[in-house]
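Take a look at the structure below.
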Amino acid sequence: MSAWIIVGLQWGDEGKGKIADHIAKDADIVVRYQGGNNAGHTVVVGDKVYKFHLLPSGILQKKQVMLGAGMVINPQGLIQEIETAQKNFDSINAVIDPRAQVIMPYHILLDEVVETKSGVGNIGTTKRGIGPCYADKASRTGIRIEDIIDEKRLEEKLKEILPTKKAILEKVYGVQDTLKLEDLLKEYVEYGKKIKPFMGDVSLLLDNALRNNKKILFEGAQGTFLDNDFGTYPFVTSSHPLAAHALVGVGLGPNVIDKVIGIAKAYTTRVGSGPFITEMNGSLEEELRTKGNEFGTTTGRPRRVGWLDLVQLRTARRLNNVSEIALTKLDVLSGLKEIKICTGYHKGETCLHDLPATIQELGKCEPDYLTLPGFDFNANEIKNYYELPQSARKYVEFIEHELNVPIKLIGIGAERMQLIKKV
Ligand code: GDP
Ligand code: IMO
Ligand code: MG
């Protein structure tokens, strides 16, 4: 390994955290490249459950972790995670890029009011201020980590920015906000003091690391179809989870990457609004939600559940140029008599094998299903791939064949060790 990327192939929550923890054993540095604390990555070790929102899960393997320039950082959340990690692991080695954006209280307020007011177009965001923060970054009115370590600079910026934000909140959304410049300044300068010791140029450090043959793991957050360009827009996040963005997000060129590992659940989930062609609805959805514990790691919201969608995965393979796949949560399907898998879409007489480029077209698509025999196994008794029931292997191999990408790892339970290699 020199540089590997882990990327979600669906709508997030595919089990990236668990796979990152596994692969991080062989890495020197684990880095997040985009998104913020809208992410929630879970790793279960014995009876301990670790949840990460900003720090890469690779911290559990006591590796150096980095947060790249492409991220949006809630400093309060970050400090809490750092303090918890310091308690859990004695010491940590973390680097935060000064170019990363800072989520401010007005971003969170705006995210909340826009979500509450927008009605039909309601995205179902995590209300962490992600969209408004990325919007400010693009408008060049964002606050960066470098700004909160410099009181004078922060004061100047806030003097310029705050009146506009207050006016929007009050006059457009009718929110009588209580944001005071002095309070914000005091609070964020304190955060800056705590974050300053971790600040470093992630781009430069990673470049040096690669030159010294160090191994870097990019831990993706969100998923392919939450990408702001290629996802189910507008029901997406405000950043770019796609593998290609890993390089932009940390400040490296594309030719350093030698593997892209796509993570897919053995079925599909989505939290938040937007099209979902293979959504189940009804008692089976409820059953799988309970069995798979499909409740948001960040917000606790119930996740919508559906069958595996090969149209979606084929498209995700292309968008990320996936080299291999880790298929998670196969155990959740265990016990079903039959399993449906979406092999294509039809739109009237037309058959589609890739996701259409427009959401209007997607809205007219219906799934074509193939029904495969179900399987039943006790995860505690499975030590290798060949101990899986034949019909479970057939399911895995059918996916592999349809996507023409090898499945190398299979998740058969939430615990760290419940992962088998497919050889
Ligand atoms: P991430 O955002 O992609 O890291 O995924 P999340 O952590 O938000 O959600 C995945 C959930 O599935 C977590 O609760 C994991 O503990 C759990 N999980 C991961 N892999 C497996 C698996 O193979 N089987 C089961 N049953 N649970 C898994
Ligand atoms: P991980 O890294 C699942 C979804 C939200 C919403 C949309 C926009 O744990 O896989 P945002 O708050 O980003 O503006 O919300 O994106 N979303 C996620 N869904 N997993 C995530 O991250 C997500 N991050 C954002 O539910 O539909
Ligand atoms: Mg998650």
Side-chain angles (χ1 to χ4, degrees), residues 6-22 32-45 48-54 56-57 72 74 103 107-108 110-112 114-115 122-135 219-228 231-241 262-276 288-304 326-334 379 382 409-420:
I6 281 183
V7 62
L9 300 184
Q10 295 154 320
W11 280 295
D13 301 329
E14 297 91 349
K16 297 176 292 294
K18 181 182 166 182
I19 304 296
D21 167 68
H22 175 76
R32 275 271 311 264
Y33 54 90
Q34 62 86 45
N37 62 346
N38 45 351
H41 297 183
T42 318
V43 188
V44 181
V45 183
K48 278 204 160 151
V49 181
Y50 296 93
K51 292 182 181 183
F52 302 101
H53 301 283
L54 287 164
S57 315
V72 288
N74 177 318
I103 297 186
H107 292 138
I108 298 172
L110 279 165
D111 199 358
E112 274 168 2
V114 172
E115 272 289 296
N122 192 292
I123 306 294
T125 75
T126 58
K127 299 187 182 171
R128 296 295 187 272
I130 306 293
C133 186
Y134 274 117
E219 181 172 327
Q222 290 76 52
T224 297
F225 297 97
L226 290 172
D227 186 89
N228 195 258
T232 44
Y233 191 89
F235 302 99
V236 293
T237 190
S238 301
S239 58
H240 299 279
I263 318 298
K265 254 179 214 179
Y267 48 99
T268 314
T269 62
R270 159 162 224 176
V271 60
S273 327
F276 186 170
L288 292 186
R289 181 181 295 131
T290 308
K291 195 160 174 215
N293 192 23
E294 296 297 356
F295 296 91
T297 310
T298 299
T299 57
R301 290 179 292 173
R303 295 176 185 145
R304 299 155 67 192
L327 189 73
T328 61
K329 304 191 98 162
L330 188 66
D331 54 298
V332 178
L333 296 179
S334 168
I382 309 289
L409 288 169
I410 300 168
I412 54 164
E415 214 279 332
R416 180 190 247 174
M417 302 301 284
Q418 290 180 312
L419 194 61
I420 50 175

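Order of listing sets the numbers, starting from 1, for every ligand and every atom in it. Numbers here are sequence positions counted from 1.
Remark: ligand 1 and Leu330 share no N or O pair separated by less than 3.5 Å (distance only, no angle test). Looking at ligand 1, you'll find an N or O of Thr42 within less than 3.5 Å of one of its N or O atoms. Residue Asp331 places at least one N or O, backbone or side chain, under 3.5 Å from an N or O of ligand 1. No N or O atom of Gly292 sits closer than 3.5 Å to an N or O atom of ligand 1. At a 3.5 angstrom cut-off on N or O pairs, Ser238 does not count as close to ligand 2. Between Lys16 and ligand 1, at least one N/O pair is under 3.5 Å apart. Annotation: Val44 places no N or O atom under 3.5 Å from an N or O atom of ligand 1; distance criterion only. In terms of polar-atom proximity, defined here as any N/O pair under 3.5 Å, His41 does make such a contact with ligand 2.
The proximity of Asp111 to ligand 2, defined as any non-hydrogen pair under 4.0 Å, does not occur for either the backbone or the side chain. Residue Phe235 does not touch ligand 2, judged by heavy-atom distances below 4.0 Å. Contacts of Arg128 with ligand 2, taken as heavy-atom pairs under 4.0 Å, are absent altogether. Contacts of Lys16 with ligand 2, taken as heavy-atom pairs under 4.0 Å, involve the side chain alone. When heavy-atom distances to ligand 1 are checked against a 4.0 Å cut-off, Lys18 comes that close only through its side chain, counted from C-beta outward. Within the 4.0 Å heavy-atom criterion, both parts of Thr125, backbone and side chain, lie near ligand 2.
Taking the Mg ion (ligand 3) as reference, Asp13 places its N/O/S atom OD1 nearest.
If you number the atoms of ligand 2 from 1 as listed, the ones under 4.0 Å from a heavy atom of Ala221 come out as 2 (O). For ligand 1 and Gly411, the ligand atoms under 4.0 Å from any heavy atom of the residue are 23 (O). Within ligand 2, the atoms closer than 4.0 Å to a non-hydrogen atom of Gly272 are 27 (O), numbered from 1 in the order shown. Those atoms of ligand 2 with a heavy atom of Ala39 less than 4.0 angstrom away are 1 (P), 2 (O), 9 (O), 22 (O). For ligand 1, the atoms sitting less than 4.0 Å from at least one non-hydrogen atom of Gly40 are 1 (P), 2 (O), 4 (O), 6 (P), 7 (O), 8 (O), numbered in the order shown with element in parentheses. Those atoms of ligand 1 that come under 4.0 Å of a heavy atom in Arg303, given as number and element, are 8 (O), 9 (O). Counting the atoms of ligand 2 from 1 in the order shown, those under 4.0 Å from a heavy atom of Gly124 are 5 (C), 6 (C), 26 (O), 27 (O).
Val236 and Phe225 make their closest contact through CG1-O, 3.7 Å (heavy atoms, listed as atom of the first residue, atom of the second, distance). A pairwise comparison of heavy atoms in Ser239 and Gln222 identifies OG-OE1, 4.4 Å as the closest pair.
Other residues, nucleotides and ligands contribute only 12 or fewer heavy atoms inside 6.0 Å of the OH atom of Tyr233.
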For this session: Any chance you could lay out the side-chain contact (heavy atoms from CB on, under 4.5 Å) test for Arg32 and Phe52, step after step, and finish with the verdict?
Result: CA-CA 11 Å; Arg32 275 271 311 264; Phe52 302 101; over 6 Å; no
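When atom types are taken as modelled, the side chain of Asn228 and the backbone of His240 share no donor-acceptor pair closer than 3.5 angstrom.
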